[in-house]
Amino acid sequence: MRIAARGTSGVVGGVVRVVGVVVVALLTLAACAGAAPDPDATARVPVPAPPSDLEPQRTPAGPRVLLTGLEVPWGVAFLPDGDALVTERMSGAIMRVTPQGAATPVGTVAGVVARGEGGLLGIAVSPRFAADRTVFVYYTSAGDNRVVRLQVAPDGTVDGTAQTVVVSGIPAGSIHNGGGLTFGPDGFLYVATGEAGRRGPAQDLNDLGGKVLRLTPDGAPAPGNPFGTGVFTYGHRNVQGLAFGPGDRLYATEFGQNTYDEINLLTAGANYGWPTVEGIAGRPGLADPLLTWSTADASPSGMAYAGGSLWVGALRGERLWRVPLTPDGRVGTPEALYTGQFGRLRTVVASPDRSSLWVTTSNRDGRGSPAADDDRILVVPL
């Protein structure tokens, strides 16, 4: 894994960091939202990477509906055989879903308390699943958010009561519970937390809220972590999406407050500014986002990398964002897809062969307008 030194812009540790928003995209977004572009934001816009530096991009065909009738699907993780485990935030259930759309309940996680934005959230499959048959889930309990290990039995069922705690004490609240989980190319578990609406503790390195954690599968701080603890980055408001892109660079989605949502390129030990700043600040010691959007156009949740682009599910924005990346990490012009067609989009994961994306809707989460067949899993061909 490539871990760059701290910095806010420029070439850092061999990684070209692009700081700001893309002017073409921002003007397009403002037109869609019916709002004028912010002159302060457009004044700090680099030129997007030219198409010649990007992988050839084509607009994918319309999604097909794989599965209907789910109750706020939140996390999706693929097993080695190509089936996926899908968590339901409200029910605490784990479903096994085949690529053909057959769904089987395989277990319910004990202790899940689905209040506000909390409940059963992210899920990750162990990189050594063939040997250890272990999965990891992130959930809201009566007193905290936590990550636990669960075993998958030979018959495919999951005993949600037999839990091994990996990390507990992550602050929980009615909002901003984070919840993203992914294993990195380095074999360590990355955990995205929210600040639970408490703001200030996002800057406290002794508080687990508003952080991205890097842990061993047993929950110990991963070797090489910047502070000798589980904390990898801090100063986050609410991170739900994590994805590794070209060069093993780690990207994260970030919910803004009133003005700017973000994609950040995560750098070990970096401070991403919340609650001191929202969006681009240009202040020494704070890492500026790679890209920002109006909050009306995004509320970015899940994210995946495939086909030379980051793909981001937008809740309030009700669209799928494609953000092209060059091999050295520069950003092309973002493109909005399927705006308003499927409602709130939550999780985005790439299929094991990278031929498609699985995208979940989140219309039954209390903030959407559910259709009769919501919530759904959509398949986007690449």
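This structure is a prediction, so every number in the text was calculated from the model and none was measured.
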Do any N or O atoms from the side chain of Glu88 and from the backbone of Gly92 form a donor-acceptor pair under 3.5 angstrom? no

Distance in Å, Tyr190 OH paired with Asp186 CG, rounded so as to fall on 0.5 Å steps: 3.5 Å

Side-chain touch Leu382/Leu357, heavy atoms, less than 4.5 angstrom: yes

Main-chain N/O of Asn258 paired with Glu278 side-chain donor or acceptor, under 3.5 Å: yes

Expected output: side-chain Asn271 to main-chain Leu286 donor-acceptor under 3.5 Å: no

Applying side chain to side chain donor-acceptor pair (under 3.5 Å) to Arg64 and not counting sequence neighbours gives none

Do side-chain atoms of Thr326 reach the backbone of Arg330 as a donor and acceptor pair under 3.5 angstrom? yes

Qualifying residues under side chain to side chain donor-acceptor pair (under 3.5 Å), relative to Gln163, sequence neighbours excluded: Tyr139

Distance-only polar pair, side chains of Thr134 and Gln151, donor-acceptor under 3.5 Å: yes

Taking the side chain from Asp144 and the backbone from Pro171, do they hold a donor-acceptor pair closer than 3.5 Å? no

What residue pairs, at least two apart or across chains, pass salt bridge (Lys or Arg N to Asp or Glu O under 4.0 Å) with a residue in residues 373-382? Asp373-Arg376, Asp374-Arg376

Using the test side chain to side chain donor-acceptor pair (under 3.5 Å), find all partners of Thr216 that sit at least two apart in sequence or belong to another chain. none

Can you tell me which residue pairs pass the salt bridge (Lys or Arg N to Asp or Glu O under 4.0 Å) test with a partner in residues 130-143, sequence neighbours excluded? Arg128-Asp132

With rounding to the nearest 0.5 angstrom, report the CD to OG1 distance, Glu318 to Thr339. 9.0 Å

Any donor and acceptor pair, going by atom type alone, linking the side chain of Ser351 with main-chain N or O of Ser356 inside 3.5 Å? yes

Can you list the residues that meet the side chain to side chain donor-acceptor pair (under 3.5 Å) rule with Glu55, with sequence neighbours excluded? none

Asn264 side-chain N/O to Leu266 backbone N/O, donor-acceptor pair under 3.5 Å: no

Give the C-alpha distance, both sets of side-chain angles, the deciding distance and a yes or no for salt bridge (charged side-chain N to carboxylate O under 4.0 Å, His left out) between Glu335 and Arg319. CA-CA 10 Å; Glu335 179 184 5; Arg319 64 199 74 182; over 6 Å; no

Do side-chain atoms of Arg214 reach the backbone of Val191 as a donor and acceptor pair under 3.5 angstrom? no

Can you list the residues that meet the salt bridge (Lys or Arg N to Asp or Glu O under 4.0 Å) rule with Glu262, with sequence neighbours excluded? none

Side chain to side chain contact (heavy atoms under 4.5 Å, CB included) with Arg316: which residues, sequence neighbours excluded? Thr295, Ala296, Ser299

Distance under 6.0 Å and angle within 45° of ring axis: Arg237 vs Trp274: yes

With rounding to the nearest 0.5 Å, note down the distance linking CG in Leu378 to CG in Leu67. 10.0 Å

Residue pairs, two or more places apart or on separate chains, that pass ring-ring contact (aromatic ring centres under 6.0 Å, His included) and touch residues 348-382: Phe78-Trp358

Gap separating the CZ atom of Arg322 from the OG1 atom of Thr333, nearest 0.5 angstrom: 11.0 Å

Does the separation of the ring centres of Phe232 and Phe227 fall below 6.0 angstrom? no

For His236, which residues count as a ring pair (Phe, Tyr, Trp, His ring centres under 6.0 Å) partner, sequence neighbours excluded? Tyr272

Filter on salt bridge (Lys or Arg N to Asp or Glu O under 4.0 Å), then keep only pairs touching residues 340-350, sequence neighbours left out; what's left? Arg344-Asp365, Arg346-Asp365

Going from OG on Ser362 to CD on Glu71, what distance comes out if it is rounded to the nearest 0.5 angstrom? 11.0 Å

Distance from Thr193 atom OG1 to Asn145 atom CG, nearest 0.5 Å? 8.5 Å

Taking atom CZ as the centre, does Arg115 end up with more than 12 heavy-atom neighbours from other residues, nucleotides or ligands that are less than 6.0 angstrom away? yes

Could you name each residue pair satisfying ring-ring contact (aromatic ring centres under 6.0 Å, His included) that touches residues 150-181, not counting sequence neighbours? none

